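Shown next, in structure tokens, is the structure this report addresses.
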There are 4 protein chains.
Amino acid sequence: MPTDNASLPDSAPTVAKRSRRKSARPSEIVEAALQVFVEKGFAATRVEEVARYAGVAKATVFVYFPTKEALFKAVVRAKIVDPLAGFKDHAAAHTGSTRDLIMRALHEWWTRIGGTKAGGISKLMMQEAKRFPELANFYQSEVLSPATELMAEILQRGVNRGELRQIDIPHTVMSIMSSLLFLSMWSQSYGLDRPFCGEILSPQAFIDHQINLLFSGIELKGSVSCA
Amino acid sequence: MPTDNASLPDSAPTVAKRSRRKSARPSEIVEAALQVFVEKGFAATRVEEVARYAGVAKATVFVYFPTKEALFKAVVRAKIVDPLAGFKDHAAAHTGSTRDLIMRALHEWWTRIGGTKAGGISKLMMQEAKRFPELANFYQSEVLSPATELMAEILQRGVNRGELRQIDIPHTVMSIMSSLLFLSMWSQSYGLDRPFCGEILSPQAFIDHQINLLFSGIELKGSVSCA
Amino acid sequence: MPTDNASLPDSAPTVAKRSRRKSARPSEIVEAALQVFVEKGFAATRVEEVARYAGVAKATVFVYFPTKEALFKAVVRAKIVDPLAGFKDHAAAHTGSTRDLIMRALHEWWTRIGGTKAGGISKLMMQEAKRFPELANFYQSEVLSPATELMAEILQRGVNRGELRQIDIPHTVMSIMSSLLFLSMWSQSYGLDRPFCGEILSPQAFIDHQINLLFSGIELKGSVSCA
Amino acid sequence: MPTDNASLPDSAPTVAKRSRRKSARPSEIVEAALQVFVEKGFAATRVEEVARYAGVAKATVFVYFPTKEALFKAVVRAKIVDPLAGFKDHAAAHTGSTRDLIMRALHEWWTRIGGTKAGGISKLMMQEAKRFPELANFYQSEVLSPATELMAEILQRGVNRGELRQIDIPHTVMSIMSSLLFLSMWSQSYGLDRPFCGEILSPQAFIDHQINLLFSGIELKGSVSCA
DNA sequence: TATGAATGAGCCTTCATTCAT
DNA sequence: CATGAATGAAGGCTCATTCAT
């Protein structure tokens with residue numbers, strides 16, 4: 001028997017039943033679904049729990065989303081695809097150093113996605129990718145590809161501007177993404193409040209550390225670098 | 001309440017596969033369970049499929065493992081804890097450079113764990129950590145803590161031996177682990193045969209790249225040190 | 001898996017929406033319900049489909065009919081009882097031969113009931129009789145009994161007038177009814193466009209054939225009969 | 001709300017649970033399913049009720065029949081297709097008069113199919129034909145076509161042997177089938193214990209009456225023929 | 001009146017688990 | 001020990017029905 005001692009409260013703040021709010025319902029349900037999906041995984045998520053958490057009846061979920069899978073897709077769309085859209089413009093508008101741009105982007109990503117419940121979706125997608133190949137493709141093309149390409153462009157720009165040395169861009173993109181996504185997954189799963197190697201990890205500090213490490217390696221070493 | 005007696009009934013090691021021998025059954029089941037758990041996740045795994053993979057009847061699984069959860073524990077124990085045991089001695093016996101030690105360790109880990117089905121366990125544990133906190137604690141204390149401490153000791157040894165500069169060891173351990181574990185998860189989920197940033201990733205090349213990046217930052221630079 | 005490729009069009013010939021005539025709504029709904037009940041049966045009929053077919057919202061159906069069962073009753077009442085009402089007077093007014101009277105009655109019945117969607121009601125009632133005994137009793141007393149009694153009277157009249165020999169009236173009534181009702185059900189279920197015994201059946205021809213068969217047996221054989 | 005005062009007893013004669021009788025179970029379930037399908041129709045039949053009536057758990061039904069539809073098909077096969085197989089040989093072996101052959105066949109059919117619960121299947125098939133076209137085709141080719149062709153051959157044989165005059169065979173087949181099938185449906189739906197036209201109908205008497213009627217019409221009349 | 005929205009009550013189906021052999 | 005058979009306990013999804021506007 002699964003231990004099932006989830007941290008979700010048994011009853012959400014109940015809102016007035018039968019209140020007519022067609023426009024509000026779907027996003028409330030998506031919000032609730034995000035919590036439960038991230039907490040339990042796709043297969044183990046019960047629609048009834050999503051409903052309870054959203055303050056509606058189970059059947060109401062099916063008024064807006066024909067299947068559990070459709071609900072899942074809606075969550076991915078709302079919580080990852082849409083927020084990610086803004087990043088590209090932000091990068092294009094940046095005028096400062098590449099290091100600064102990357103640092104801002106990573107911290108921003110952490111604040112808006114990785115450090116929030118939405119970060120749990122990366123974990124989810126990785127888990128469910130094989131069982132839902134269609135969804136995995138959707139995630140690849142809508143989320144992963146744009147994100148990696150954006151990072152590749154940023155790095156290439158740094159090389160072109162003489163800020164970075166000639167690096168292997170795909171591997172470096174993977175390096176950056178891996179540490180960030182892993183941090184997000186780790187915090188979703190084990191939390192950041194437990195000591196790691198005897199210390200409590202701070203995501204901001206880790207990101208800064210990562211960038212230091214990274215730039216100690218990829219930055220052009222001139223006389224200035226030690227300043 | 002399922003008891004923790006899931007530890008494998010001792011199985012005779014390295015004898016030609018004879019499905020007739022009773023003592024081989026449990027390990028065959030664990031082997032099969034590993035495949036299915038990693039492929040499907042805990043909740044989506046059907047015991048019947050595990051049994052089919054192992055070539056036994058569904059009820060036979062329950063002869064050796066009282067619950068699905070116990071089976072899961074046994075898999076984790078057999079596929080992570082035991083293989084990891086050798087690493088520590090290996091590290092203690094090492095006499096060469098720290099960089100060399102780390103490189104060997106990471107490649108070794110990839111060959112024996114990360115790149116194999118066993119690597120899927122990390123993914124599984126991360127996904128199911130909240131559903132099975134008892135299991136997560138077990139994994140933390142039996143796997144993650146030993147591994148991080150080992151890596152911390154290796155780094156500390158490098159610092160002590162004057163090979164590395166004074167680095168933030170916990171963050172660096174996290175850096176190393178994150179890239180490796182993420183690579184393992186990524187390959188389990190999306191495979192390494194799809195192009196990433198236009199290239200096919202090779203795990204060995206990525207590990208080498210990571211170590212280069214890392215040591216370009218943490219290695220003591222001969223006389224040119226900026227200190 | 002129910003193939004559910006019913007012949008009902010996806011969008012009914014939408015009756016002029018918002019037709020101001022409120023009094024027309026119930027009969028429009030009954031008309032729509034007849035189609036769907038006959039097509040799908042009682043249990044498999046969804047009120048929503050009736051509503052769509054009637055061009056109203058689902059809830060509107062419940063404005064006029066408190067339950068699905070009430071709707072069913074209304075359909076039976078409207079489509080069977082009322083049309084049948086005219087038959088009795090018609091028969092009473094008849095002055096010609098009994099054979100002619102029966103022939104007219106049967107063709108008339110086919111044209112107005114048996115050959116129309118309303119004929120499906122017989123099928124429906126037979127199917128649902130045990131589930132809705134109250135409805136079955138209603139149908140018995142309002143439809144079947146009057147019809148059989150009318151036919152019995154017609155036959156008796158024929159005997160009295162010396163047109164028919166002394167026959168077993170109840171059995172003969174059953175004979176007449178069974179062939180007609182069966183033809184109606186058959187056409188509702190399997191259609192009359194498929195060959196039967198290698199021929200396409202025509203209901204009119206079958207009715208004539210039935211009457212021939214019947215009167216070759218029950219008609220008084222005198223010198224006149226062969227004329 | 002459906003009245004649902006079915007005549008099925010609430011609890012079937014309970015047999016020892018968990019008794020190992022693989023070979024017996026499927027036919028027991030088919031038997032139970034026949035009762036309930038005929039009583040309730042396909043859509044309104046709950047698998048749970050079939051199970052209860054068969055003295056097994058609901059899940060047990062799904063051990064033997066993957067879906068409700070598969071169960072339905074199994075019932076048709078076991079209760080109609082198989083029993084019908086013997087009729088053809090019986091007819092071929094007949095040596096007496098055509099009238100006698102038909103009379104025997106109809107009474108036999110009534111005893112073995114029409115007058116039993118299996119007779120309800122004709123009714124069922126008619127009701128569900130449109131929703132399950134595949135099943136309807138199966139029923140047409142496996143049941144209806146063989147039966148009508150057999151009857152057509154019998155009549156043709158009678159004509160060939162000079163027992164019957166030149167009749168319209170398809171129409172006559174339909175006449176015979178309609179009265180018999182209708183009688184079966186009628187008895188399934190309304191029962192034969194209620195008076196019809198003031199009399200209690202006996203199926204045997206009705207069949208005899210039908211044959212009389214039929215042969216008074218189609219039989220060759222010795223010298224008195226009106227031809 | 002008419003309806004969009006919401007839901008309670010089930011139903012079919014699945015599956016971990018039990019049990020008799 | 002192994003297993004075929006059986007089942008209790010859900011879970012996803014449907015739909016008649018209700019309610020607020």
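Worth saying up front: this structure is predicted, and the values here are computed from it rather than measured. Chain naming here is simple, since letters A, B, ... match the order of the sequence lines and numbering starts at 1 in each.
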*DNA chain E base-pair string [pairs: Watson-Crick or G-U under 3.5 Å; |: paired with another strand]*: .||||||||||||||||||||
_Residue met sooner reading DNA chain E from 5', once B:V47 and D:A43 are mapped to nucleotides_ =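 The residue mapped nearer the 5' terminus is D:A43.
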*Could you say whether D:A44 or A:V61 is positioned toward the 5' end of DNA chain E, judged by the nucleotide with the nearest heavy atom to each?*
A:V61
*With sequence neighbours excluded, tell me which residues meet side-chain hydrogen bond (donor to acceptor under 3.5 Å, both in side chains) with D:K73.*
D:E134
*Heavy atoms under 4.0 Å, any strand shown: does D:V63 hit a base, just sugar-phosphate, or nothing?*
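Base contact - D:V63 has a heavy atom under 4.0 Å of at least one base atom.
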_Short side-chain N/O contact to E:dA5 OP1/OP2 from A:Y64, under 4.0 Å_ =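 Result: no.
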*May I ask you to evaluate whether B:R25 reaches the phosphate of F:dA2, defined as a side-chain N or O under 4.0 Å from OP1 or OP2?*
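Checking B:R25 against F:dA2: at least one side-chain N or O falls below 4.0 Å of OP1 or OP2.
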*Check whether the side chain of B:K58 and the base of F:dT3 form a donor-acceptor pair under 3.5 Å.*
no
[X] [atom1] - [N] [atom2] separation (whole Å):
X	N	atom1	atom2	value
C:K68	F:dT14	NZ	P	15 Å
C:R46	F:dC15	CZ	P	5 Å
D:E69	E:dT13	CD	C1'	15 Å
A:E49	F:dG12	CD	C1'	15 Å
A:E48	F:dT14	CD	C1'	15 Å
D:I29	F:dA6	CD1	P	8 Å
D:F65	E:dT14	CZ	P	15 Å
D:R52	E:dG10	CZ	C1'	14 Å

Tell me which nucleotide among [options] gets nearest to the side chain of [X].
X	options	value
A:T60	E:dT7, F:dG4, E:dC15	E:dT7
D:V56	E:dT7, F:dT7, E:dT3	F:dT7
B:F62	F:dG8, E:dT3, E:dT18	E:dT18

Check: [Y] main-chain N/O paired with [X] side-chain donor or acceptor under 3.5 Å:
X	Y	answer
B:K130	A:Q188	yes
D:E128	D:F42	yes
C:K58	C:R46	no

*asked:* If you compare all heavy atoms of B:P66 against all heavy atoms of B:F62, which two are closest, and at what distance to 0.1 Å?
replied: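 That closest heavy-atom pairing would be O-CD2, 3.6 Å.
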*Any chance CD of C:E48 has more than 12 other-residue heavy atoms, nucleotides or ligands included, within less than 6.0 Å?*
no
_5' precedence on DNA chain F between A:T45 and C:P66 (nearest-nucleotide basis)_ = A:T45
*Does the gap between the ring centers of A:F132 and A:F72 come in under 6.0 Å?*
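They do not qualify: ring centres at least 6.0 Å apart.
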*Any salt bridge between A:E31 and A:K79, counting N to O under 4.0 Å?*
yes
